[in-house]
2 protein chains.
Amino acid sequence: MKKITINDIAKELGVTPSTVSRALAGNTRVSEKTRKLVADKAQEMGYEPNVMAASLRKGKSDTIGLVVPRINRHFFSNVISGVEEVLNPAGYNLVICQTGEDAEKERKAVATLLRNRVGGIILSLSVQTGLFDHLDEVVSRKVPLVQFDRINPDVEGDKIVNDNFSGAYMAVRHLLEEGYRHIVHFAGDLGLRAYAERFDGYKKAMEEAGLEVLPSMVFENTITRDAGYEAMGKLLADQKADAVFCAGDYSALGAIECLKAKGVKIPGDFGVVGYANEPFAELMYPSLTTVEQNAFVMGNKAASAMIRCLEGKAFNMEEVVPVSLIKRESSGKRR
Amino acid sequence: MKKITINDIAKELGVTPSTVSRALAGNTRVSEKTRKLVADKAQEMGYEPNVMAASLRKGKSDTIGLVVPRINRHFFSNVISGVEEVLNPAGYNLVICQTGEDAEKERKAVATLLRNRVGGIILSLSVQTGLFDHLDEVVSRKVPLVQFDRINPDVEGDKIVNDNFSGAYMAVRHLLEEGYRHIVHFAGDLGLRAYAERFDGYKKAMEEAGLEVLPSMVFENTITRDAGYEAMGKLLADQKADAVFCAGDYSALGAIECLKAKGVKIPGDFGVVGYANEPFAELMYPSLTTVEQNAFVMGNKAASAMIRCLEGKAFNMEEVVPVSLIKRESSGKRR
DNA sequence: TGCAAAAATACAATCGTTTGCACACTTCGC
DNA sequence: GCGAAGTGTGCAAACGATTGTATTTTTGCA
């Protein structure tokens with residue numbers, strides 16, 4: 001069973017390949033009648049376009065590259081689903097690369113995507129990434145770039161972020177309303193905007209409540225489970241605190257494990273709020289109050305932005321996806 | 001900045017493109033000296049091969065398609081990582097497709113991959129899939145196919161499975177050793193081999209212990225959280241049982257939630273073991289005893305098998321990855 | 001009916017590699 | 001010193017689509 005090409009269709013129909021090509025592309029330069037004829041014949045002969053030939057000629061492909069730190073994070077896998085939902089029906093393919101939060105792998109992934117002439121790149125920075133020339137390279141090659149969540153605002157292109165500030169603000173307000181006062185913050189890398197914004201939201205809520213945020217109350221780079229556990233250990237030893245707002249669910253988990261180990265009652269003696277609504281947040285004990293980021297929606301928007309770019313309307317704009325606070329046990333009333 | 005092609009290199013060096021092509025491919029038909037010359041020049045000029053042109057000419061690409069039910073399952077995302085670990089260094093790219101357990105989407109994904117002339121396809125069937133002609137199509141096109149975990153043994157090609165039988169057997173043995181006797185099984189779709197094997201392992205362990213497995217003790221198609229909850233509800237109403245071996249962690253979770261809701265003590269009055277070691281298994285309360293499938297290793301093996309196929313050594317063999325039982329709270333001693 | 005404008009289609013080059021075949025030049029055994 | 005291998009390169013035709021520029025056909029209008 002040989003592959004059918006447009007040449008075969010052309011021969012069969014007594015027209016030229018160019019006409020077939022244009023007909024299939026829906027070009028109005030070929031008559032409605034011929035278009036129908038070609039479409040039917042193509043159908044009949046079981047024609048399947050050769051994507052490579054087209055890409056080679058056009059100098060770019062309908063494949064979009066998606067670069068994320070890790071796909072087994074709930075947040076990212078949902079973003080991926082959201083992206084797919086928009087991209088696939090639109091006829092684009094997705095190739096996904098993991099960086100494992102490693103700057104070097106991120107560079108390599110981007111380089112590979114460019115080498116493969118992807119039509120565009122959707123990317124979320126790894127925490128480690130400090131140099132951004134690989135992104136500049138993308139821009140300078142005029143390959144559309146959409147950043148999401150962990151973005152670098154200085155690089156050209158569309159950006160989709162979640163409302164980190166509001167999320168953090170709501171989380172801390174909630175803790176305050178439940179009666180907690182000495183609220184500390186387990187932050188991420190404050191060099192990354194997402195984490196900086198969460199920190200700002202925390203600070204704002206605290207200051208509005210007339211509470212001062214001392215440097216000792218902020219633990220930077222504390223987003224892993226281990227880091228959360230350790231930081232909480234230090235915290236209990238050093239200072240008076242009755243609640244923590246964590247920039248991620250994993251550090252919240254670590255914090256809770258430490259608190260449980262020390263016999264501190266959650267909630268009541270200590271309140272905990274996380275960020276991300278990882279699947280385990282609902283299932284752990286006590287269940288974790290956290291901020292839902294609507295990753296799926298972010299994926300949708302990132303993909304839509306990409307399609308807009310591909311269609312030539314470069315917006316270079318930033319879109320904010322709303323978040324919501326999911327109240328669970330870990331932040332119940334202070335007693 | 002124009003793209004450098006082999007023609008540019010050829011011109012610069014005063015040889016022909018064919019020689020450059022062969023030199024870069026390491027063909028021994030061109031002298032060692034020329035090879036070195038070409039390599040250096042390519043380096044110097046910043047040459048980057050155009051993958052599409054090569055693929056077009058060769059009629060296939062260095063891209064491997066990976067089709068999985070959902071990427072946000074711990075198991076699958078780890079398999080993906082495992083596959084990447086092997087494929088990327090070997091110079092292959094991965095495009096990942098989600099089927100969402102939907103047979104139709106699975107067909108479409110495979111069709112798209114074939115249309116894009118991928119070099120090979122690694123796939124795990126969706127539970128829903130009943131017809132396999134899309135896989136036959138892959139085989140008949142001579143595109144290497146590696147199935148993993150949820151496989152169809154009747155389709156040609158390599159297969160990587162985990163030792164479902166042993167996993168299930170160990171799990172049930174463990175429950176028996178802890179003193180449970182009336183052990184039921186929440187199974188998956190027994191039409192799928194993976195689930196059928198888990199059922200067999202369960203049966204074997206029970207029979208060895210001199211316990212009969214009645215049809216009423218097996219709940220088929222019970223792998224979701226909701227299904228687990230419901231089934232447990234029925235179970236408690238209808239019959240005497242003191243433990244359940246679930247073919248997946250999600251149904252185990254549902255079962256535990258139902259048991260907790262009814263005030264049944266876990267462990268003690270009721271033992272629960274799951275399968276898959278989802279991340280939440282460790283964190284829920286009580287923590288869930290479950291079977292670790294070594295997804296990462298499976299991914300490695302699937303990728304290695306694929307590379308073997310691509311290198312022309314079609315083995316058409318089946319490889320079994322060992323599993324291990326992770327003992328946690330939910331299966332503690334019967335009282 | 002004739003003729004210019006518009007519509008539809010054809011021609012041919014091109015995208016960047018790969019590869020079968022031909023060709024020249026060594027090398028060697030006899 | 002003469003064919004026969006053996007080496008290293010060049011030639012040119014693919015691969016299958018796209019697209020700017022002809023060229024033909026159709027249409028509209030006087």
Side-chain angles (χ1 to χ4, degrees), chain A residues 1-39 41-42 45-63 91 93 114-119 141-142 310, chain B residues 1-39 41-42 45-63 91 114-119 141-142:
Chain A
M1 187 200 67
K2 268 201 73 246
K3 286 266 100 227
I4 308 292
T5 75
I6 53 169
N7 301 290
D8 300 330
I9 301 181
K11 216 163 291 170
E12 199 81 5
L13 248 40
V15 297
T16 55
S18 28
T19 303
V20 176
S21 173
R22 278 191 258 260
L24 290 170
N27 191 317
T28 51
R29 267 176 59 189
V30 351
S31 66
E32 182 108 21
K33 206 187 327 161
T34 316
R35 285 212 298 265
K36 179 104 181 78
L37 223 58
V38 169
K41 200 68 180 177
M45 298 178 72
Y47 168 72
E48 282 188 352
N50 184 320
V51 192
M52 282 155 200
S55 304
L56 171 59
R57 177 61 229 252
K58 293 197 284 199
K60 59 172 189 168
S61 72
D62 284 343
T63 297
N93 283 86
L114 288 176
R115 183 144 25 82
N116 282 55
R117 310 294 196 280
V118 291
R141 289 209 199 187
K142 307 239 181 296
L310 290 167
Chain B
M1 185 201 65
K2 268 202 72 245
K3 286 267 101 228
I4 309 292
T5 73
I6 53 169
N7 302 289
D8 301 330
I9 302 180
K11 216 164 290 171
E12 199 82 7
L13 247 41
V15 297
T16 55
S18 24
T19 303
V20 176
S21 172
R22 281 191 260 260
L24 289 171
N27 190 320
T28 50
R29 269 178 58 188
V30 355
S31 67
E32 182 107 22
K33 205 187 328 160
T34 316
R35 285 213 298 262
K36 178 106 180 83
L37 222 59
V38 170
K41 200 66 178 179
M45 297 176 73
Y47 167 72
E48 282 187 353
N50 184 321
V51 192
M52 282 156 202
S55 304
L56 172 60
R57 178 60 230 248
K58 292 195 286 198
K60 58 171 189 167
S61 72
D62 283 343
T63 298
L114 288 176
R115 182 143 27 80
N116 281 56
R117 311 291 196 280
V118 291
R141 289 209 199 188
K142 305 238 181 300

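Numbers restart at 1 for each chain; the letters A, B, ... are given by sequence-line order, proteins then strands. Nothing here was measured: the structure is a model prediction, and the numbers come from that model.
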K.L.:
Check this for me: does the side-chain of B:Arg35 come within 3.5 Å of the base of D:dG8 through a donor and an acceptor?
P.N.:
no
K.L.:
Nearest whole Å is fine: how far is C:dT19 C1' from B:Leu56 CG?
P.N.:
14 Å
K.L.:
Select one nucleotide: of D:dT19, C:dT19, C:dC11, the one nearest the side-chain heavy atoms of B:Ser21.
P.N.:
C:dT19
K.L.:
Using atom CD of B:Glu32 as one end and atom P of D:dG8 as the other, report the distance to the nearest whole Å.
P.N.:
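The distance from CD of B:Glu32 to P of D:dG8 comes to 10 Å, rounded to the nearest Å.
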K.L.:
Provide, to the nearest angstrom, the distance between the CG atom belonging to B:Leu13 and the C1' atom belonging to D:dT9.
P.N.:
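From B:Leu13 CG to D:dT9 C1': 13 Å.
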K.L.:
Ignoring the backbone of A:Val15, work out which of C:dT19, C:dA10, C:dG16 is nearest its side chain.
P.N.:
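Nearest nucleotide to the side chain: C:dA10.
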K.L.:
Measure from the side chain of A:Asn50, starting at C-beta and using heavy atoms only, and say which of C:dT9, C:dG16, D:dG16 lies closest.
P.N.:
D:dG16
K.L.:
Grab the CD1-C1' distance between A:Ile6 and C:dT14 for me, whole Å please.
P.N.:
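From A:Ile6 CD1 to C:dT14 C1': 13 Å.
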K.L.:
Would you say the side chain of B:Lys58 lies within less than 4.5 Å of the side chain of A:Met52, judging by non-hydrogen atoms?
P.N.:
no
K.L.:
Please pick, from D:dG16, D:dT19, D:dC11, the nucleotide with the shortest atom-to-atom distance to any side-chain atom of B:Ser18.
P.N.:
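Output: D:dC11.
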K.L.:
Please give, in whole Å, the distance from C:dC11 P to A:Asn7 CG?
P.N.:
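That distance rounds to 13 Å.
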K.L.:
Mind checking if A:Val20 touches a base, just sugar-phosphate, or nothing, with heavy atoms under 4.0 Å?
P.N.:
nothing
K.L.:
Can you check whether any acceptor in the base of D:dT7 is under 3.5 Å from a donor in the side chain of B:Arg29, or vice versa?
P.N.:
no
K.L.:
Can you find a donor-acceptor N/O pair under 3.5 angstrom joining the side chain of B:Arg22 to the base of C:dG20?
P.N.:
yes
K.L.:
From C-beta outward on A:Val30, which listed nucleotide comes closest to its side chain: D:dG10, C:dT9, D:dG8?
P.N.:
C:dT9
K.L.:
Which one, C:dA10, C:dT19, C:dG16, comes nearest to the side chain of A:Thr19?
P.N.:
C:dA10
